[in-house]
Amino acid sequence: MKKIIVINGPNLNNLGNRSPKHYGKLTLDKIIYLMRKHSENTNIKFLFYQSNHEGRIIDFIQKKVKEASGIIINPGALTHYGYSLKDALIDTNLPIVEVHLSEIKNREKFRKLDIFEDIVISVISGLKEDGYLKAIDLLISYLNK
Ligand code: DQA
């Protein structure tokens, strides 16, 4: 059994109300449902966590790291400046896949800087909710290598 931590950062609890053009129409609960469904009949177990607070996300990672085989994370706007979260992720030594619903490189200037891209095995950006499903496949094939 492989346990994968799935973290969603600030404002991702508000999916469904945010710009559908950038983020799609689904709520976070619906995305979680799709991720579980995508992984039915596998030996994956998910630990889902969302917070609007960087420190709480770090507390969660530190608490759960020992149980986990890998991490899928959408850091929200922390993508562009969250260096404490970056340190916490580095300290896990786990393989990490980064997901963005929108295409961050084709939006406002402040979103172009991705401080996590050099510590993750892959960045999936612009595929809306499908990005989370692709992240599962990527992480699993990496772990099975
Ligand atoms: C996001 C992109 C970020 O720039 C933004 O702050 C978010 C969501 C995405 O999923 O496209 O909250 O990470």
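Note that ligands are numbered from 1 as they come in the structure, with each ligand's atoms numbered from 1 the same way. Sequence positions, counted from 1, serve as the residue numbers for this chain.
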Counting distance only, does the side-chain N/O of [X] pair as donor-acceptor with the main-chain N or O of [Y] below 3.5 Å?
X	Y	value
Lys45	Lys3	no
Lys128	Lys21	yes
Thr79	Gly76	yes
Ser39	Thr42	no

CA sep, side-chain torsions, deciding dist, call: Asn17, Asn14, side chain to side chain donor-acceptor pair (under 3.5 Å)
CA-CA 6 Å; Asn17 299 313; Asn14 200 27; 2.8 Å; yes
Quick check on side-chain contact (heavy atoms from CB on, under 4.5 Å): which of Val99, Ile104, Asn106 does Ser125 satisfy it with?
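Looking at Val99, Ile104, Asn106, the match for Ser125 under the side-chain contact (heavy atoms from CB on, under 4.5 Å) is Ile104.
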Qualifying residue, where the test is side-chain contact (heavy atoms from CB on, under 4.5 Å) with Leu34 and the options are Leu26, Asp29, Ile136:
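Answer to the side-chain contact (heavy atoms from CB on, under 4.5 Å) test with Leu34 among Leu26, Asp29, Ile136: Leu26.
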Sub-3.5 Å N/O-N/O distance, Ala77 and ligand 1:
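Yes, there is a polar N/O contact under 3.5 Å.
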Would Arg107 count as a polar contact of ligand 1, with the cut-off being nitrogen or oxygen pairs under 3.5 Å?
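No - when backbone and side-chain N and O of Arg107 are compared with those of ligand 1, no distance drops under 3.5 Å.
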Contact check, Phe110 vs ligand 1, heavy-atom distance below 4.0 Å:
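Flag not set, Phe110 not near ligand 1.
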Using non-hydrogen atoms of the residue, decide whether His80 is closer than 4.0 angstrom to ligand 1.
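Yes, His80 has a heavy atom closer than 4.0 Å to ligand 1.
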Any atoms of ligand 1 less than 4.0 Å from a non-hydrogen atom of [X]? List them with their elements.
X	answer
Arg18	7 (C), 12 (O)
Arg111	3 (C), 4 (O), 5 (C), 6 (O)
Tyr23	5 (C), 7 (C), 8 (C), 9 (C), 11 (O)
Ile104	2 (C)
Ser102	2 (C), 9 (C), 11 (O)

Between Gln50 and Asn52: side-chain donor-acceptor atoms closer than 3.5 Å:
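Present: a donor and an acceptor within the cut-off.
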Under-4.0 Å heavy-atom contact with ligand 1, by part of [X] that carries it:
X	answer
Val99	neither
Lys128	neither
His22	neither

Got the closest protein heavy atom to atom 7 (C) of ligand 1, with its distance?
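Result for atom 7 (C) of ligand 1: Gly76 CA, 3.6 Å.
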Nearest protein heavy atom with distance in Å, relative to atom 1 (C) of ligand 1:
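Ranking protein heavy atoms by distance from atom 1 (C) of ligand 1, first comes His100 ND1, 3.7 Å.
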Compare all side-chain heavy atoms of Glu98 with those of Ile124 and state whether any distance is below 4.5 angstrom.
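Answer no - side chains too far apart.
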Evaluate the ring planes of His100 and His80, with Trp represented by its six-membered ring, and classify them as parallel (under 30°), tilted (30 to 60°) or perpendicular (over 60°).
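Aromatic pair His100/His80 classed parallel.
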Between Leu101, Ile124, Asn74, which one has a non-hydrogen atom sitting closest to atom 13 (O) of ligand 1?
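It is Asn74 whose heavy atom sits nearest to atom 13 (O) of ligand 1.
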